[in-house]
Amino acid sequence: MKIQNRSDFLYKISLFCGLCVIFTAFAFGQTTRSITIITEPKAIVWIDDVRFGVTDAGGQITLNVVSGGTRKIRVRAEGFKETTQNLLPAQKGNIKIVLSKTTDQAEITFQQAGAMSSLDREKSIALYKKAISLRPKYAEAYIEIARLLSDNGDSEEALEAIKEARKIRPIYPEASAIEGRIYKTDGEEEKAIASFKRAISEGKGFQAEAHTGLGLLYREKAETFGITGDFESEKEYYLLAVGELKKAVQQLAGAPDAITIYQLLGDSYERIKYYKEAIAVYEEFLKIFPNVNEAVTVRSFITQIKKQMAEQ
């Protein structure tokens, strides 16, 4: 998400709201390390189940990863068996991940469905259903169907797909997070909150998508209270949003989606005039993402806040 100015930022937040993905207590000053994954071309790379990107034609991708603790790298490439490997606390530099060819037709069809999802949702859904016919207990396929149906505005069928996934895997944080997103889109606020909290509980505190969903929901409630003149409730809900968004950026830990969440977090602090905290968020952003397009805008946010503080 590219944000050129404050009004553009707020507009694109509204778009992001329509699309919406436990460590120790959040603290600024996180350190990062650079790693280069070397594997097959066009392989999707996740760290701790957060998607970080796709390898280039040479099979490489360089990532900026927050340091600390053992992490889990997951790699999937079309025609190969999905592989998981630990990323050790001190590990950095080149990391080679060897993938093995797969002959599992269900897995191959699942991968084909994923490749098709951005081109033709209906064909992608059909392929996911084919994968399920080949492997009836393919919970991940049901989840991807739920995402696509939700994007199509078909909430009822999306919720049915989630129900099927839960029959296979009763404790399924991702399923609960998607369910929360569906309820939020449909305006069923209490159900959305319950589903997001269930996702976080099922993930034992780790579920960035659910924390983000709650943060966005609380921001929207804060904005509504502000419009009606209930400024005490407005501040209360911005603080609730801050609490969730803090956890989301920590858990995204350098992933591309964190670019947006950091800005949402900083803006939430600004709305309640917590200017020092907002600056700390933006400075943290610049340490982790110094070269992204949004960095210029974030630097301008810091300049604007410091000017406001000087005028008080």
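Positions are given from 1, in the same order as the sequence printed here.
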Student: Less than 4.0 Å between a side-chain N and a carboxylate O, is that true for E140 and R169?
Tutor: yes
Student: If you count the non-hydrogen atoms of other residues, nucleotides and ligands that lie under 6.0 Å from CG in L88, is the total more than 12?
Tutor: yes
Student: Could you walk me through whether E270 and Y282 pass side chain to side chain donor-acceptor pair (under 3.5 Å), step by step?
Tutor: CA-CA 11 Å; E270 285 191 68; Y282 294 140; 2.7 Å; yes
Student: Check side-chain hydrogen bond (donor to acceptor under 3.5 Å, both in side chains) between E164 and all other residues, then give those that pass, not counting sequence neighbours.
Tutor: K167
Student: Is any side-chain N of the basic residue among E174 and R147 closer than 4.0 Å to the acidic one's carboxylate O?
Tutor: yes
Student: Would you say T109's side chain and K130's backbone share a donor-acceptor pair under 3.5 angstrom?
Tutor: no
Student: Starting from I44, can I reach L148 by hopping between I/L/V/M/F/W/Y residues whose side chains sit under 4.5 Å apart?
Tutor: no
Student: Tell me if the aromatic rings of Y269 and Y275 count as close, with their centers under 6.0 Å from one another.
Tutor: no
Student: Do R271 and Y238 pass the side chain to side chain donor-acceptor pair (under 3.5 Å) test, and can you show the C-alpha distance, the side-chain angles, and the key distance before you say yes or no?
Tutor: CA-CA 8 Å; R271 298 295 187 94; Y238 270 123; 2.7 Å; yes
Student: Hydrophobic cluster membership, with links at side-chain heavy-atom distances under 4.5 Å among I/L/V/M/F/W/Y: are Y128 and L134 in one?
Tutor: no
Student: Can the ring centroids of F225 and Y237 be said to lie less than 6.0 angstrom from one another?
Tutor: yes
Student: Could you go through T36 and T62, starting from their C-alpha distance and side-chain angles, then the distance that decides it, and tell me whether this counts as side chain to side chain donor-acceptor pair (under 3.5 Å)?
Tutor: CA-CA 4 Å; T36 298; T62 299; 2.9 Å; yes
Student: Please determine whether side-chain contact (heavy atoms from CB on, under 4.5 Å) holds for the pair Q251 and H211, giving the CA-CA distance in whole Å, both sets of side-chain angles, and the decisive distance to 0.1 Å.
Tutor: CA-CA 9 Å; Q251 293 176 9; H211 283 301; 3.5 Å; yes
Student: Tell me whether D104 contacts the main-chain N or O of A106 through its side chain, where contact means a donor paired with an acceptor under 3.5 Å.
Tutor: yes
